[in-house]
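Reminder, nothing fancy here: chain letters follow the sequence lines and each chain counts from 1. Keep in mind that what you see is a predicted model, and the values were worked out from it rather than measured.
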Number of protein chains: 2
Amino acid sequence: MRKEIGEYVFTQGDEVSSLYLVKSGLLKAYYLSDDGKENIKSFILPGDNIGSLMASYAGKTNTFSLVCVKPTELIQVEFKALYEASRADAELSSAIVDFLLAFGMKKEIREYELLCLSAEERYRRLIENTPELFDHVTQNDIARYLGITPVGLSRIKTRINN
Amino acid sequence: MRKEIGEYVFTQGDEVSSLYLVKSGLLKAYYLSDDGKENIKSFILPGDNIGSLMASYAGKTNTFSLVCVKPTELIQVEFKALYEASRADAELSSAIVDFLLAFGMKKEIREYELLCLSAEERYRRLIENTPELFDHVTQNDIARYLGITPVGLSRIKTRINN
DNA sequence: TTGAGGAATTAACCTGGGTTAAAAACCGTG
DNA sequence: CACGGTTTTTAACCCAGGTTAATTCCTCAA
């Protein structure tokens, strides 16, 4: 399926239960707080997967929204169907285990960065690890991914350049 | 296996590759930064599991330490053996999928709290969700789990009680 | 019971980042 | 090229939480 810039794949509060594999393009997943502030959970690059475990597995409503930053080509997988099928299919089950392990590791890294690093350190790491992001995403969104405001990020940048 | 207070299950930098199921007791998992500061990743209660995916699956060295806060009874599971066995055993594989899904959801919640909530909100939530923790863990450790200093937490408490 | 070491609080001062608002730099489009 | 909107920067002021250090509280072992 194909989505254009600004189109939503799903929205906070939805009762969707699918996972998505991104073939090309760029998405952002974000939480919207009561007072209208956006906090970016993650950017999803080609080759990445995305979906709310909470919504899919635990039957809860979705906790975040997923929107296109670039025109995006993605594959939708019904979570429940996949999950049921995996119960009977050892190979599929193994693949899911690998997928979930990779997912868990990513979360573990993010947790570490948010718990242990300052906003400035997180910013330096992001430049280090995914410089390509800066070509496609506004500084605004970078800031909200780092957990700070655009103003804050601008200040960090000037601080770094002495 | 049994561990007493202060005993380590493994240490940051180790090349262990086991998962642990906690039958009774209480553990804490924490990161030690270069300048000697401790940041608590999680408390592990009876029924919980713990282990470094990074170390076990990706063959990296352990990124955090695991130490007993209360005398603890736990079961050690060799990750590689489990992983290999799961390749052939559909039932085991399914169980692992369930385990990893639960793990992923926990991480997702923690990520949300660290990204979107203030220290005070995280504190309120902790009281709400795991009040029993406060009986077994020093306020010192609670603070380091919330991502703040003990002084900071003390201030939050007095602020809350007007 | 007391004394010693750790835990928690308090106070004074500092800093990173939030908030608001205005200015400047960047667009894309007519 | 000029216009209008969106980003980014800058500035002024504010506040949560860090840091250091002193004080009080707790606990437990002798």
Side-chain angles (χ1 to χ4, degrees), chain A residues 4-7 26 28 30-40 43 67-71 113-127 131-162, chain B residues 4-7 26 28 30-40 43 67-71 113-127 131-162:
Chain A
E4 299 305 325
I5 294 177
E7 267 193 272
L26 179 61
K28 81 177 181 195
Y30 67 94
Y31 298 104
L32 200 58
S33 65
D34 299 335
D35 53 341
K37 301 250 159 83
E38 187 178 316
N39 283 104
I40 297 183
F43 296 108
V67 67
C68 286
V69 175
K70 295 270 160 193
E113 292 177 343
L114 290 170
L115 180 64
C116 300
L117 304 182
S118 68
E120 180 173 334
E121 288 169 315
R122 292 200 293 276
Y123 175 62
R124 287 177 186 280
R125 278 204 176 208
L126 193 64
I127 294 174
E132 68 274 23
L133 213 58
F134 293 78
D135 299 334
H136 304 297
V137 166
T138 68
Q139 191 170 303
N140 216 295
D141 277 351
I142 298 279
R144 303 218 142 95
Y145 173 73
L146 295 173
I148 58 179
T149 61
V151 179
L153 178 51
S154 178
R155 261 188 305 235
I156 288 176
K157 282 178 67 181
T158 65
R159 194 196 307 156
I160 285 178
N161 311 326
N162 294 348
Chain B
E4 298 305 325
I5 294 176
E7 267 193 272
L26 180 61
K28 79 176 181 195
Y30 67 95
Y31 298 105
L32 201 58
S33 66
D34 299 335
D35 54 340
K37 303 248 159 83
E38 189 179 313
N39 283 102
I40 298 182
F43 297 108
V67 67
C68 285
V69 175
K70 295 272 159 192
E113 292 176 343
L114 290 169
L115 179 63
C116 301
L117 304 182
S118 69
E120 180 173 332
E121 288 168 317
R122 292 200 292 276
Y123 174 62
R124 286 177 188 279
R125 277 204 177 210
L126 192 64
I127 294 175
E132 67 273 24
L133 212 57
F134 293 78
D135 298 334
H136 304 297
V137 165
T138 67
Q139 191 170 303
N140 218 296
D141 277 351
I142 299 279
R144 301 213 144 98
Y145 173 74
L146 295 174
I148 57 178
T149 60
V151 179
L153 177 52
S154 177
R155 260 189 305 234
I156 287 174
K157 282 178 66 180
T158 64
R159 193 197 307 156
I160 285 177
N161 309 327
N162 294 349

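- Atom CD1 of B:I160 is separated from atom P of C:dT9 by 12 Å (rounded to the nearest Å).
- Using cut-offs of 30° and 60° for the angle between ring planes, the B:Y123 and B:F134 rings count as perpendicular.
- Judged purely by atom type and a 3.5 angstrom limit, B:S154 has no side-chain atom pairing as donor or acceptor with the backbone of B:V151.
- Scanning residues 143-151 of chain A for heavy-atom distances under 4.0 Å to DNA chain C yields A:G147, A:I148, A:T149, A:V151.
- Listed pair B:K37 / D:dT19 meets the phosphate criterion, a side-chain N or O lying under 4.0 Å from OP1 or OP2.
- For the atom pair B:R122 CZ and B:I156 CD1, the distance stands at 8.5 Å (nearest 0.5 Å).
- When heavy atoms are screened at a 4.0 angstrom cut-off, A:S154 is found touching base atoms of the nucleic acid.
- Contact record, B:P71 with B:I5: CD-CG1, 3.6 Å, taken as the closest heavy-atom pair.
- Along DNA chain C, the nucleotide closest to B:R155 and the one closest to B:N140 are compared, and the more 5′ of them pairs with B:N140.
- At whole-Å resolution of the value, CD in A:E121 and P in C:dG16 are 12 Å apart.
- Scanning both residues, A:L133 and A:F43, for their nearest heavy atoms gives CD2-CD1, 3.3 Å.
- When the C1' atom of D:dT19 is taken as reference, atom CG of B:D35 falls 13 Å away, rounded to whole Å.
- B:I156 comes within 4.0 angstrom of sugar-phosphate atoms only, judged by non-hydrogen atoms across all strands, and of no base.
- Contact between the side-chain N/O atoms of A:K157 and the OP1/OP2 oxygens of D:dT8 is not found at any separation under 4.0 Å.
- Of the listed nucleotides (C:dT9, C:dG17, D:dT8), D:dT8 has the atom at the smallest distance from the side chain of A:Q139.
- Which of D:dG17, C:dG17, C:dA8 sits closest to the side chain of B:A119 comes down to D:dG17.
- Distance OH (A:Y123) to C1' (C:dG17): 16 Å, rounded to an integer number of Å.
- The existence of a salt bridge linking B:R124 and B:E120 is confirmed by a sub-4.0 Å separation between a basic side-chain nitrogen and an acidic carboxylate oxygen.
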